[in-house]
Structure formats: C-alpha cells, structure tokens
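This is the structure, below, for whatever I ask next.
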Amino acid sequence: MAKPVPSEAQVKARVVIERDLSILTGDELLRKYGKRGSPKANAFESITGFPAAEIAPTHNPFWHYVLATWFASGSELLYPPQHKDCFAQTLLDVVLGKLDSYDGILFGEPRRALKSTFLMAAADWAAKRHKIVDGLDVIQFYIHNQQRESENRCETIKDMNRFSTYIHTHFPQFRIPVGEWGNREEWDWPCRVRGTAVAESSIKAMSVEGKKAGKGAHYRWLDDMEEESSRDSKTMREAVDHRYDQIRTLVAPAFSREVIANTPYHLHGLTLKIKEASREDGLSRYKILWTPALTEDNEPNFPTIPRLSVASLAKERANEIARTGNDAFWYLQYMLDPRMTGSQTMEWEWFQKMGEKQYLDWRRRQSFRGVLADTAWKGTENQGTGDDTVLGVVEIFAHQGRRDWVLLDAVVSREMVSDEGASELCRLAKKWSTPYMAPEMNSEKTIVGLIRMASRAHKIHPVIIELGGFSKKHKNDRIMSVAGGARSGAVWYLDTIK
C-alpha cells in the first residue's frame with residue numbers, strides 16, 4: 001500500500017520544525033511546542049517522534065545544525081564527548097551570550113582535532129541564529145595568520161551555503177547563488193538589510209598582519225593566530241602579540257565576542273600567554289578549554305580521528321625527533337605541553353613559592369623525597385665555562401593524577417670538588433631524612449664510593465639512584481621537563497630558600 005502523500009501544510013510544518021531544531025534552544029522549543037495537546041505540540045511530536053519536553057533538556061541546536069550541514073556527508077570523525085559536549089556546547093554558550101563575562105574563549109586543541117571546522121560552522125550558524133531569533137545582522141571577522149587561509153575558510157562558509165540542500169530547504173534566505181558573490185575578502189548574506197550608515201560586510205576575512213582599521217565586529221573568530229615562524233623568531237612572536245592587541249579593539253557597540261582556536265607553537269607564544277592571562281582578582285580572563293591528544297593514561301582524547309590515535313601520534317613524535325633531535329614541538333602541537341629546547345630561556349617567575357604552612361598541609365599526600373646532583377666538579381672536564389655543581393633536595397607529590405615538584409633545599413657551587421660534594425649530599429640527606437640520592441655520573445663511578453665513605457661520618461645508609469652522564473640532548477630534555485612543569489604551575493620552591 002502506497003504511503004499517503006503529505007499535504008502542503010504538513011510539508012511546511014516539517015520544514016519549520018526542522019529549522020527550529022537547528023536554531024532554538026531546548027527552553028525555546030518548550031515555549032513554542034511544549035503545550036501538550038496544542039496543534040503545534042502535536043505536529044512536533046508527530047514529526048520528531050517525541051514530545052518537546054523529552055527533547056528539550058539535552059537539546060543543542062548548534063550540534064543539530066552541524067550534523068545536518070557541516071558533517072552531512074559523514075560524522076565518523078566526531079567523538080561526542082569532545083565535539084558535542086565540549087566544542088559544540090561551548091560555542092552554543094558563546095552565541096547565547098552566556099560567556100560574555102570572559103574576555104574570550106580559548107580552545108587549546110591538538111592539530112587535526114577539527115577545531116577549524118567547528119569555528120567555521122559557528123560563524124555560519126551564528127549569523128542564522130541572530131537573524132532569525134534576534135532580527136540582527138551580525139558582523140563577523142574571521143582571522144588567520146595568513147590572509148589566504150582566512151579567505152579560504154570564508155569561501156568554505158560561502159560554499160556550504162551555496163551547495164547544502166539542507167540550507168536551501170530550511171534557510172533559503174541564506175542561500176548563496178552559484179557564481180560570483182561578493183569577493184574573497186568580504187561579502188554579505190543575501191538576506192542582509194543594509195542601513196544608510198556605512199558598515200562592515202557580514203563576513204570579512206583578515207590576517208594577523210593585515211590592516212586593523214574598521215568599525216568593529218560582533219564576533220572575532222581567531223583561527224591559528226600563531227604560525228611556523230613563531231618557533232624560531234622572537235620578533236615574530238612579539239609582532240603577533242602586538243597585532244592581537246589591535247584586533248581586540250575591533251568591537252561592535254551592542255556586543256563583541258571572541259573565540260580563539262589555537263595550537264601552541266612556542267613556549268613564549270601568544271596561545272600560552274592567553275591561557276595564563278588573569279585579572280587582578282586572580283580569575284582567568286578567558287574561558288579555557290585545553291584538551292591534549294592523549295590522556296594521562298596514554299589513551300586518545302579523540303579516538304575517532306585516525307591521525308590522533310596512539311600509533312599515529314607515536315609515529316609523528318618519532319618523525320619530529322628524527323627531524324629536530326627532540327620532541328619539544330611534538331609536545332606543544334599534540335600534548336599542548338610547553339617544554340623547552342636548549343635555545344630557549346626559562347623564567348624564574350614561573351616557579352611558585354611555597355610557605356611552611358602549605359608544605360606541612362601537603363605532607364599528608366603521597367610523596368617521594370630525594371637529593372639530586374647535577375655535577376660539574378672543579379678541575380674536571382665536566383666543568384665548562386660558567387658551570388656550577390647543583391645539589392637539590394626535591395620532594396615529588398602525587399595528588400589527583402598530578403605530580404608537583406617542590407625544591408626544599410639547594411646548594412650551588414663552582415668551587416666544589418667531588419669529595420666535598422659527597423659529604424654535602426650526605427648532609428642534605430640527613431637533614432631532610434631521606435636515604436635516596438641521585439648523583440650524575442659520567443665516565444666513572446668514583447662519586448658512589450665517596451658517598452659511601454662520607455655516609456659513615458654522617459651515620460646514614462644511602463640508597464643510590466644512578467644517573468648516567470648528561471649529553472647535550474639529555475640536558476635539553478631536562479630543561480624541557482622542568483620548564484614545562486614550571487610553566488604549568490607544577491614546580492615549587494620552599495620560601496626558606498634564598
């Protein structure tokens with residue numbers, strides 16, 4: 001038996017309800033379709049299979065729209081715990097104005113996590129939401145470190161509205177004709193209502209380096225502000241910082257919102273500066289979403305994306321080590337973990353001071369304490385120009401999956417010889433009640449014998465953790481590890497250290 005042909009009214013109702021699912025929030029759906037038994041409520045339940053009250057609590061119109069348009073050809077790369085619950089929910093909150101108390105939103109995501117696709121989709125959807133719900137033609141700037149790439153992304157938005165059958169059916173006023181429309185740098189939506197005053201175009205592609213004059217925008221979408229040259233050029237990093245400050249002045253009178261989707265390129269780059277920016281009260285200026293490619297247990301955060309699998313990431317890391325001699329850039333790009341190379345500087349301000357009361361509170365946690373030695377004994381080949389011997393007492397605390405390092409005591413000397421160092425190691429071990437010592441050993445193990453001799457005088461029983469000699473590469477690895485931990489707030493020093 002043939003299915004009955006829907007009436008014109010039924011077809012129209014289906015289009016309107018589907019459009020509303022892509023534009024209205026759960027509460028808005030309830031207000032429009034929530035009255036049980038009403039014609040609208042009956043039509044909604046007949047078309048969707050559920051009453052509005054069941055759909056509303058978890059409904060995200062932006063996610064609904066994204067699935068129907070930007071991922072209409074396949075959603076196999078999407079991982080809902082990240083792309084729906086994190087990406088789509090946050091971008092919905094941005095457009096609804098729920099995050100206006102922040103200066104902006106920072107998506108810190110690994111490469112290939114689909115952050116640019118979601119940023120383009122958000123710019124596309126925001127125009128429709130504001131036009132239909134608020135009657136507002138919003139102005140949006142899409143900004144990339146390269147003008148060409150910014151224009152490409154805006155052309156992608158244009159093509160979505162040119163070729164998507166879903167948009168043609170449910171948002172016909174936004175349908176862009178085939179052929180020339182505006183230009184690559186800027187264009188208006190077909191439904192844009194122009195007033196008498198001169199205003200910016202609906203969508204404008206901009207580069208970080210481009211001219212920043214303009215009347216301002218309701219939305220600034222900043223996609224990959226940093227670039228490859230940031231890795232090696234301090235001048236380039238400072239230029240990006242300065243231009244970002246200029247971009248922030250391009251605000252619209254009614255409201256102005258900023259979303260940044262970046263992968264860090266350098267320890268001192270803009271992305272990490274934004275992540276750490278705070279107000280006078282200590283609260284963050286930006287809402288931060290920071291998702292590395294792997295969890296602490298080395299499980300993928302984006303398991304549906306093959307290039308972000310454990311095997312692919314391991315291969316990428318091996319390639320980076322082969323290419324540069326270290327994996328610092330891999331950690332930045334995929335783990336969002338700031339580690340240093342030997343050519344980069346470490347700032348003392350990154351290390352956090354800890355008072356006695358806080359330290360005593362922390363002592364309740366699980367910890368390991370030991371004396372570490374980075375040696376450059378006087379009169380040995382290991383002591384280069386300007387090198388010091390450094391002995392430090394370090395306690396490592398484990399709490400809720402995080403490890404914090406606290407420097408309890410330290411001795412630094414350019415004049416210390418190995419037998420004096422052995423005695424000093426034993427003194428520190430006894431003072432801080434730990435048998436564990438980890439001295440650096442180069443071509444010989446004399447230091448172990450000296451420690452055992454000195455331990456008799458100090459009446460301790462040392463447990464030696466042997467550390468091999470540090471090559472230039474291993475020295476850089478140590479610097480990366482310590483600086484990265486300090487930058488993320490995980491390295492402390494007791495305030496009794498002068």
Side-chain angles (χ1 to χ4, degrees), residues 346 348 351-384 386-399 402-471 474-475 477-483 485-486 490-498:
M346 191 177 343
W348 177 250
F351 293 79
Q352 301 189 76
K353 184 185 292 188
M354 178 178 287
E356 183 179 5
K357 183 178 183 303
Q358 183 179 1
Y359 174 67
L360 292 176
D361 288 341
W362 278 35
R363 288 288 294 141
R364 300 187 184 96
R365 302 178 181 179
Q366 182 182 0
S367 68
F368 170 84
R369 185 189 297 172
V371 187
L372 309 181
D374 187 355
T375 60
W377 308 123
K378 183 178 180 180
T380 65
E381 293 182 0
N382 194 38
Q383 186 180 54
D387 287 345
D388 296 320
T389 289
V390 180
L391 313 179
V393 182
V394 174
E395 191 157 2
I396 305 170
F397 292 90
H399 183 63
R402 171 187 169 109
R403 287 184 174 82
D404 288 87
W405 294 57
V406 182
L407 181 63
L408 305 176
D409 205 343
V411 175
V412 180
S413 175
R414 193 169 298 170
E415 301 298 320
M416 189 178 291
V417 295
S418 56
D419 56 348
E420 293 171 336
S423 180
E424 192 66 10
L425 281 167
C426 292
R427 182 189 70 81
L428 290 170
K430 184 173 183 178
K431 174 182 176 181
W432 290 97
S433 304
T434 177
Y436 298 104
M437 302 182 197
E440 176 190 359
M441 290 174 287
N442 295 291
S443 58
E444 42 79 28
K445 297 188 177 182
T446 307
I447 186 63
V448 176
L450 293 174
I451 289 173
R452 299 204 183 281
M453 291 174 58
S455 68
R456 300 188 188 105
H458 289 276
K459 299 182 179 179
I460 64 171
H461 301 282
V463 176
I464 306 298
I465 303 172
E466 295 188 4
L467 300 180
F470 295 120
S471 64
H474 286 131
K475 186 179 184 69
D477 287 343
R478 284 181 297 152
I479 295 172
M480 294 176 211
S481 179
V482 174
V491 180
W492 306 71
Y493 66 96
L494 211 55
D495 62 2
T496 54
I497 296 177
K498 305 300 182 183

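None of the values given here were measured: they were computed from a predicted structure.
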What class does the angle between the rings of Y436 and F368 fall in, given that below 30° is parallel, 30 to 60° is tilted and above 60° is perpendicular? tilted
Check: K430 and S455 side chains under 4.5 Å, non-hydrogen atoms: no
Taking it one step at a time, do M437 and C426 satisfy side chain to side chain contact (heavy atoms under 4.5 Å, CB included)? CA-CA 8 Å; M437 302 182 197; C426 292; 3.9 Å; yes
Using ring pair (Phe, Tyr, Trp, His ring centres under 6.0 Å) as the criterion, point out the one residue from Y359, W362, W405, F351 that pairs with W492. W362
Measuring from atom CG of L425 to atom CD of E420, what distance do you get when rounded to the nearest 0.5 angstrom? 12.0 Å
Atom of P435, atom of H461 and distance for their closest heavy-atom approach: CB-O, 3.5 Å
Closest approach of L494 to G355 (non-hydrogen atoms, all atoms of both residues): CD1-O, 4.4 Å
Between atom CD1 of I465 and atom CG of L372, what is the distance when rounded to the nearest 0.5 Å? 8.0 Å
About how many Å separate CD1 of I460 and NZ of K431, when rounded to the nearest 0.5 Å? 14.0 Å
Show the nearest heavy-atom pair for residues T434 and R369, with the distance to one decimal. OG1-O, 2.8 Å
Which atom pair, heavy atoms only, marks the closest approach of I451 to P439? CD1-CG, 4.0 Å
What is the distance from atom NZ of K357 to atom CG of L360, rounded to the nearest 0.5 Å? 9.0 Å
Please enumerate all residues that pass side-chain contact (heavy atoms from CB on, under 4.5 Å) together with K353, with sequence neighbours excluded. Y493, D495
In Å and rounded to the nearest 0.5 Å, what is the CD to NE2 distance from E424 to H458? 8.0 Å
Can you see which heavy atom on G421 is nearest to which on M416, and at what distance? CA-SD, 3.4 Å
If we only count heavy atoms from C-beta on, is the L391 to R427 side-chain gap below 4.5 Å? no
Heavy-atom closest pair (E395 atom, S367 atom, distance to 0.1 Å) is OE2-OG, 2.8 Å
Rounded to the nearest 0.5 angstrom, the CG-CH2 distance for D409 and W432 is 5.5 Å
